[in-house]
Amino acid sequence: MAGFQEPPTKKQKTENRFLGSHMPVQQSPIRNGVGGGFNKGNNNHGKGSPFQKNAPGQNGFMNGNAKNTEHLKNIVKQRHALPIFPTRARLLEELKKNETVIVIGETGSGKTTQIPQYLHEERWDKKGGICVTQPRRVAAISVAKRVAEEMNVQIGGLVGYSVRFEECVSPGTKLKYVTDGMLLREAISDPLLSKYNWVILDEAHERTISTDVLFGIVKDAQKKRKQLEKDNLKVIVMSATMDVDHFSQYFNKAKVLYIEGRQHPVEMLYAREKQDDYVLSAMSTVFQIHKEAPAQHDILIFLTGQEEIDSVTHSIRQVAKDNSLAEFPRMRVLPLYAALPSTQQLDVFRVTAPGERKVIVSTNIAETSITIPGIKYVIDSGRAKISYTLEEFNAMEVNPVPEILRSNLASVILQLLAMGIKNILTFDFIDKPSPASIKQAVEQLTLLEAVVMKAGQLELTDLGKKMAQFPLEPRYSKVILSGPQYGCTDEVLSVIAMLSGESIYVNPSGKKEMAANVRRKFLSVEGDHVTMLKIFRAFRGSKENKMWCHENFLNHRNLKYALEVRKQLHQVCQRNNVTLVSCNQDMDALRRCLAAGLFTNIAELQLDGKYLSLDTRQECSIHPTSVLFGGKPAYILFTELVHTGKMYMHINSAMDAQWLFEVAPEYFRKRHIKKM
DNA sequence: TAGGGTTTT
């Protein structure tokens, strides 16, 4: 049983919250006299890495030269050094015997990169491929690339990946890394997942809504494939947490295998007590480490926000230039946050060159499952801001509420119905959402005319079937499918695409007023949606020019993203014979069309000057970033309500009461809307 | 007059 460890004790469960290792507290060069008051914890919840020391660069590994041979030897050596390696035989034995196996192993154990390779080495992927899900795009892409490199094949051949807008596969692809959302979408057209012999659901402990739904889908597919006497679907659930009973029970008491240890220990540092200036203190810690640790011992710092990260990255780079530091390793300082272009995000995975030190300044994007090569030190300074003592830190909630228990289920239910799952109430969720939240979602879908109740059974309408084809919330797909009726498919495609991404506005601190002035030319009294459309049209007119975006304080990346989403939505329209018509300058048509899908998001001006949302009867205010701020239209359609101290309507359009009666007469009669 | 962060189809 070499390599496997006994099931963990309760105590270990708590300590493993952050994928931590059980390594002993070790002597550290920064143990004494750490400048910024940072303290070494004994729950080392840092990140390890399977890709450490001497990991290869991207180039020169596929030419059959001496360097390449050396490189391949190195890879074999690294693979054999992974904690999972000694478990290989036993693991394969269990995988052969069992239909479903749960594998518990920390980040750094090698489970994500190795298990699929083991399966391939046994040729267990002859009949159907291996699909490995990841909650995040960067993870899917970077792991696929690493595995292709280990197998000495070109990415996109035997090993590929598939994430939204980026597919790198070929007919010969046997081993595919995908985002969980991608596999879920695939399941709508193929609920039996018939392309695959193996489905591996990785990072299951994160409990994303997609992974949670996939649990039920793979279980169902296993059952149905058996009934139809098709090849078995083998399932591996991989998780980093030790709290595994839940998974095992759910998968019919599936076998649980534990992989012990991580490859390299990581030092975890965090504030001993509240720091007045935690940023300064973090920086001071960085340089303390820098002066004492060998090159290639990389540092990861957690901070709270983008602005902070940019400024700290800049400061560290400045300080690093100082002559007094000339004798120490060169520093490569890299920011990391979600809004960064993915090429820059992938930069952090590049292995540190000899004589160099990588310092990554990150939001909590890197906190969960991303494995960054070379990290030896983690400075968790941001937490100091809200002042945790070690005890408080340890007492923080171990298992946060799964996403599925706190989300609107309309999309999920629409998707399940589209897969042919008849009874939502009996769907095998690992954690069943409350009947109230299911009821609420069904009500929304009913109002949108996506579903009807027939003989006590929920059924998709033709409209609902089309709605399920869109990678959108049902109310957004309803807007698009209403396009032809209002003569504005072209316009709603653009607006919905923009609503699907992040904000297109850039408001640099200190230049907020200037930004607002420059963008004034796009403003429309009709509201934010029309304003956004004007911007989108102007952006296309500029030939998607980066400089133009910069001058107008607009986010080029997010506008490009909207273009991509729009292209995809347009394709779905074409497949579903949705006519593409334009309303040109008739912005009333656009607003009425928005109401056709978003009529549950209406607020009415009251006599006291306040707004009341008609659906939930909540008091709400116009968000200060809205073009309607300061005005008092009788009715407002909002895209979402954001609760930050106050309830705010975010991204809004002024509405005419008449339109509301037109789009949803029944609904508004019940809501006692004031007659004109 | 708001403003923690993150993810995905």
Verify whether one side chain among Lys465(A) and Asn576(A) offers a donor that lies under 3.5 Å from an acceptor in the other. no
Gap separating the CG atom of Leu409(A) from the CD atom of Gln444(A), nearest 0.5 angstrom: 10.0 Å
Side-chain N or O of Thr179(A) versus OP1/OP2 of dT7(B): is the shortest distance under 4.0 Å? no
Listed nucleotide nearest any side-chain atom of Tyr648(A), set dG5(B), dT9(B), dA2(B): dA2(B)
Expressed in angstrom and rounded to an integer, what is the separation of Glu206(A) atom CD from dT8(B) atom P? 11 Å
Check every atom of dA2(B), dG5(B), dT8(B) against the side chain of Thr625(A) and return the nucleotide holding the closest atom. dA2(B)
Side chain of Pro624(A): nearest nucleotide among dA2(B), dT9(B), dT6(B)? dA2(B)
Quick check on contacts: within residues 405-414 of chain A, what sits under 4.0 Å from DNA chain B by heavy-atom distance? none
Remember a base hit wins even if backbone is also touched, and classify Phe629(A) as base, sugar-phosphate or nothing at under 4.0 Å, heavy atoms. sugar-phosphate
State whether a side-chain donor-acceptor pair under 3.5 Å links Ser411(A) with Glu473(A). no
5' priority, DNA chain B, between Glu473(A) and Glu307(A) [closest heavy atom]: Glu307(A)
Give a yes/no answer on whether the side chain of Arg137(A) brings an N or O atom under 4.0 Å of OP1 or OP2 in dT9(B). yes
Does Thr208(A) have any side chain to side chain donor-acceptor pair (under 3.5 Å) partners at least two apart in sequence or in another chain, and if so, which? Asp180(A), Thr211(A)
Please round to the nearest 0.5 Å and tell me the distance separating atom CG of Leu214(A) and atom CG of Leu201(A). 6.0 Å
Mind checking Val642(A) for me? I need base, sugar-phosphate or nothing, with any heavy atom below 4.0 Å counting as a touch. nothing
Rounded to whole Å, how long is the line connecting atom OH of Tyr561(A) with atom P of dT8(B)? 8 Å
Residues which pass side-chain contact (heavy atoms from CB on, under 4.5 Å) with His246(A), listed by chain and number, not counting sequence neighbours: Arg207(A), Ile430(A), Asp431(A)
